[in-house]
2 protein chains.
Amino acid sequence: MEPPAQPKRVTIVDVARHAQVSTTAVSKVLRNAYGTSPQMRARVRQAIDDLGYRPFAAARGMRGQTYTVGVMLPDIRNPFFPEILDGITDALWETDYQVLMAPGRNGEAAEAKVTEAMIDRGMDGMILVAPVSSRSHLERVAGMVPTVVVGRHGRSAAYDTVSDDDLAGAALVVDHLADLGHRRIAHIEHDETDPRRIEEMPNAIRADGYRRAMRARGLEDEISIVSTTYTQRGGYLGAQQLLTRSPRPTAIFAGADIVAMGVLQAVSEAGLEVPDDISIAGYDNTTFAALGPISLTSVDQAGRHIGTNAAQLLIDRIGDRVRPTAQIKFSPTLVTRRTTAPPPG
Amino acid sequence: MEPPAQPKRVTIVDVARHAQVSTTAVSKVLRNAYGTSPQMRARVRQAIDDLGYRPFAAARGMRGQTYTVGVMLPDIRNPFFPEILDGITDALWETDYQVLMAPGRNGEAAEAKVTEAMIDRGMDGMILVAPVSSRSHLERVAGMVPTVVVGRHGRSAAYDTVSDDDLAGAALVVDHLADLGHRRIAHIEHDETDPRRIEEMPNAIRADGYRRAMRARGLEDEISIVSTTYTQRGGYLGAQQLLTRSPRPTAIFAGADIVAMGVLQAVSEAGLEVPDDISIAGYDNTTFAALGPISLTSVDQAGRHIGTNAAQLLIDRIGDRVRPTAQIKFSPTLVTRRTTAPPPG
DNA sequence: AATCCTATGGGTAACGTTTCCCAAAACGTG
DNA sequence: CACGTTTTGGGAAACGTTACCCATAGGATT
């Protein structure tokens with residue numbers, strides 16, 4: 001079987017000829033620019049339909065606009081991120097902007113590759129979700145392209161931010177567990193050692209919120225943290241470590257639902273019952289947390305809402321690149337389900 | 001806080017001036033083209049490093065190449081698709097190609113929007129995962145841009161395909177359940193009514209495979225199908241329907257793991273025990289299926305492998321657009337876990 | 001009736017890169 | 001040493017779109 005040859009693209013010149021107007025006129029109609037009579041608009045629109053014309057983004061890109069916004073997601077497997085993405089695409093659906101995503105994958109180098117690639121491709125704007133890159137890199141990027149950073153705390157003069165109050169979220173979990181009577185509450189965090197990032201990354205702030213809340217409840221001696229990653233495997237390995245500690249924790253606060261999934265697996269393999277032997281709480285309130293057999297207590301941080309706000313900020317920023325940057329922060333809520341209960345004994 | 005002004009891009013002209021050569025020479029070095037001496041290459045490379053030059057994709061796009069491939073995924077929430085994506089990015093990591101994704105979302109119109117957008121952006125190639133668009137649309141797209149279609153069966157002269165033998169996969173499940181002694185085995189499918197698609201879509205073929213396998217085991221009178229969607233919610237609603245049927249099925253074969261998640265929830269809410277009261281099997285063997293508390297019997301269809309093969313086919317096709325199209329088909333295997341057991345009684 | 005607007009439309013030069021050519025120099029062969 | 005061949009390098013024209021200008025024609029204002 002042989003593929004057929006490809007047809008040639010219809011250009012603005014073809015449209016202009018067909019409508020008997022100049023290319024300038026067609027361009028103006030396309031962009032709803034000033035200087036077009038209703039009659040001309042109608043004729044040009046007709047010609048566009050007749051010929052099936054579509055603007056070629058590369059050519060537009062050379063003139064400065066591609067009508068494309070790039071979204072960088074850290075980990076497509078984490079079921080929380082689709083929520084944010086839904087919010088973004090919802091907000092951008094009615095606009096002329098097309099959303100394209102790239103996976104950030106592992107670490108700073110891969111992130112840089114993605115941000116560079118997006119800049120090279122002339123993105124009109126970028127939304128970076130929970131980036132791990134250095135602040136200076138982010139500001140350099142934001143200097144080239146309008147950028148909104150999602151998830152990271154801290155304000156910058158170069159980019160807008162949307163985040164959730166992770167400090168409060170962690171406290172919600174600790175307070176809930178402590179109210180149930182737990183004292184040995186352990187936490188599994190996504191490892192973060194870089195001191196410059198430690199104040200900004202949501203994972204680090206959740207860990208800090210855990211420590212503060214434990215102290216506030218007089219449980220400073222019970223603070224117990226394992227550092228792994230926000231992945232299912234990270235949760236699995238982290239829980240295995242925690243379960244061998246003596247005395248064993250009576251509750252585990254996983255920094256993300258996806259981590260809690262791994263914890264559940266390790267706990268079940270260890271022959272322990274949830275929540276009779278051990279309580280487990282997650283973070284993000286993903287759709288999996290609501291699943292019957294899992295029914296995970298989790299912190300809800302309206303991801304969709306975060307996404308729509310990020311998209312709106314980006315559009316505003318594209319419209320006015322020098323307006324002061326904004327910082328939007330949402331407050332999380334706790335959703336209690338069946339994986340948390342009073343400690344045994 | 002006010003954002004700073006943005007710097008101007010370094011172009012090939014700047015590099016040429018700095019290296020004291022022509023822009024043609026720089027272009028040749030960039031593309032490893034013929035007609036460059038080692039000395040010139042060295043000088044140009046040095047200049048590129050000095051100036052931090054990066055090629056501008058839009059300008060390249062105007063000449064026909066953007067070094068970008070587009071991937072369309074139907075549903076980012078389905079944990080099977082990240083596997084395919086990993087395979088694709090693995091295969092493309094060492095190449096000059098950058099991967100950009102777009103969510104296909106709901107239905108044909110949204111898919112067309114995505115494929116058009118990718119064509120407009122001058123993608124060098126596209127990988128469409130389980131597209132629902134009409135065959136003629138796919139062939140039109142493939143006529144404009146090298147395209148690989150993943151998941152759909154059926155051969156086309158316009159595009160290459162990579163798929164898994166869904167017919168065999170469905171049979172694996174039915175045979176497994178029948179061997180355990182089940183007779184009332186129900187199936188939840190992703191609804192497909194379009195006759196042109198019914199022969200190509202993996203979901204439809206799984207349903208067909210279910211019917212055939214039931215007949216082959218002499219269970220044609222027990223065939224029972226609910227049509228919903230391949231989503232968690234679809235599984236939930238589908239299972240609710242099945243559980244009210246009388247007599248109730250003793251086993252449910254969900255067309256995808258994500259569907260099985262919803263089934264588990266409905267079953268648990270109905271107060272039934274898995275697998276004592278009812279057996280459940282999924283499809284895709286996602287990481288969630290392996291989770292301790294879930295431990296779902298599922299059909300494994302090496303998603304990563306599918307992805308790398310699709311990417312390789314795409315690269316080959318970009319290299320030679322007239323070579324005959326290829327069709328790669330993989331064979332699935334069954335992974336039995338704790339959600340399937342002999343029927344009660 | 002002369003002047004000044006405003007609305008409408010078009011001509012044309014960019015934007016950054018590649019590709020098709022052609023020119024000059026270096027090399028190999030008899 | 002004269003000739004053909006290969007290697008090395010550059011000039012310049014695209015590619016499709018937008019933005020900055022300018023030209024014209026009516027209409028309104030004096």
Side-chain angles (χ1 to χ4, degrees), chain A residues 6-45 47-48 51-68 96 116 119-124 144-145 318, chain B residues 6-45 47-48 51-68 96 116 119-124 144:
Chain A
Q6 71 221 355
K8 230 183 63 199
R9 251 197 115 83
V10 176
T11 77
I12 210 173
V13 178
D14 301 320
V15 175
R17 188 169 347 141
H18 189 263
Q20 315 250 51
V21 296
S22 70
T23 59
T24 303
V26 178
S27 177
K28 281 179 182 168
V29 172
L30 281 171
R31 295 172 293 114
N32 298 316
Y34 178 84
T36 56
S37 64
Q39 299 95 305
M40 189 178 80
R41 276 199 290 278
R43 272 175 56 181
V44 170
R45 294 240 166 77
I48 288 175
L51 273 52
Y53 166 78
R54 297 197 48 109
F56 186 50
R60 290 180 141 183
M62 291 215 61
R63 303 292 308 172
Q65 269 208 282
T66 57
Y67 299 90
T68 313
D96 285 331
E116 292 302 319
I119 293 172
D120 295 344
R121 277 152 190 82
M123 299 286 174
D124 291 343
M144 317 243 355
V145 180
I318 291 173
Chain B
Q6 71 222 356
K8 231 181 66 195
R9 249 196 119 81
V10 176
T11 77
I12 210 173
V13 178
D14 301 320
V15 175
R17 188 167 349 141
H18 190 262
Q20 314 250 52
V21 295
S22 69
T23 59
T24 303
V26 179
S27 178
K28 283 178 182 168
V29 172
L30 282 171
R31 296 173 293 114
N32 299 314
Y34 178 83
T36 56
S37 64
Q39 300 94 306
M40 189 179 78
R41 276 199 290 278
R43 272 177 53 184
V44 171
R45 294 240 165 77
I48 288 175
L51 272 53
Y53 165 79
R54 299 198 44 112
F56 186 49
R60 289 181 141 184
M62 291 215 60
R63 303 293 307 173
Q65 270 209 284
T66 57
Y67 300 90
T68 314
D96 286 330
E116 292 303 320
I119 293 172
D120 295 343
R121 278 153 190 81
M123 299 285 173
D124 292 343
M144 318 245 351

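In the text below, chain A, chain B and the rest are named by the order of the sequence lines, each starting its count at 1.
Considering only side-chain N and O atoms, R54(A) lies nowhere under 4.0 angstrom from the phosphate OP1 or OP2 of dG16(D). Between Y53(B) and dT17(C) there is a side-chain N or O to OP1 or OP2 distance below 4.0 Å. Distances shown here put a side-chain N or O of S37(A) below 4.0 Å from the OP1 or OP2 atom of dG9(C). Side-chain nitrogen and oxygen atoms of R63(A) include none within less than 4.0 Å of the OP1 or OP2 phosphate oxygen of dG16(C). Contact check, T11(B) against dG16(C): no side-chain N or O comes under 4.0 Å of OP1 or OP2. In this structure, R9(A) does not reach the dG16(D) phosphate: none of its side-chain N or O atoms is under 4.0 Å from OP1 or OP2.
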Margin query: side-chain contact (heavy atoms from CB on, under 4.5 Å) for L30(A) and I12(A)? Distances and angles first, verdict last.
Written below: CA-CA 10 Å; L30(A) 281 171; I12(A) 210 173; 4.1 Å; yes
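Using a 3.5 Å distance cut-off with no hydrogens or angles, the side chains of T68(A) and R121(A) do not pair a donor with an acceptor.
In this entry the distance linking CG of D14(A) with C1' of dG16(D) reads 10 Å, nearest Å. Taking atom OH on Y67(A) and atom C1' on dG16(D), their separation rounds to 14 Å, with Å as the unit. Going from atom OH of Y34(B) over to atom C1' of dG9(D) covers 12 Å, rounded to whole Å. The CG atom of N32(A) sits 16 Å away from the C1' atom of dT8(C) (whole-angstrom rounding). Counting to the nearest Å, the C1' atom of dG11(C) and the NZ atom of K28(A) are 11 Å from each other. Rounded to whole Å, atom C1' of dG10(C) lies 10 Å from atom CE of M40(A). Between the CZ atom of R121(A) and the C1' atom of dT17(C) there is a distance of 14 Å, rounded to whole Å. Rounded to a whole Å, the CD1 atom of I12(A) is 19 Å from the P atom of dA14(C).
Within 3.5 Å, a donor on the side chain of T24(B) pairs with an acceptor on the base of dA12(D), or the reverse. The base of dG11(D) has none of its N or O atoms less than 3.5 Å from a complementary donor or acceptor on the side chain of T23(B).
To the nearest 0.5 angstrom, L51(B) atom CG is 9.0 Å from R17(B) atom CZ. A distance of 5.5 Å separates CZ in F56(B) from CZ in R9(B), rounded to the nearest 0.5 Å.
Within the nucleic acid shown, V21(A) comes within 4.0 Å of sugar-phosphate atoms alone, with no base atom in reach, counting heavy atoms only.
In this structure, the side chains of D14(B) and T11(B) come closer than 4.5 Å at one or more pairs of heavy atoms.
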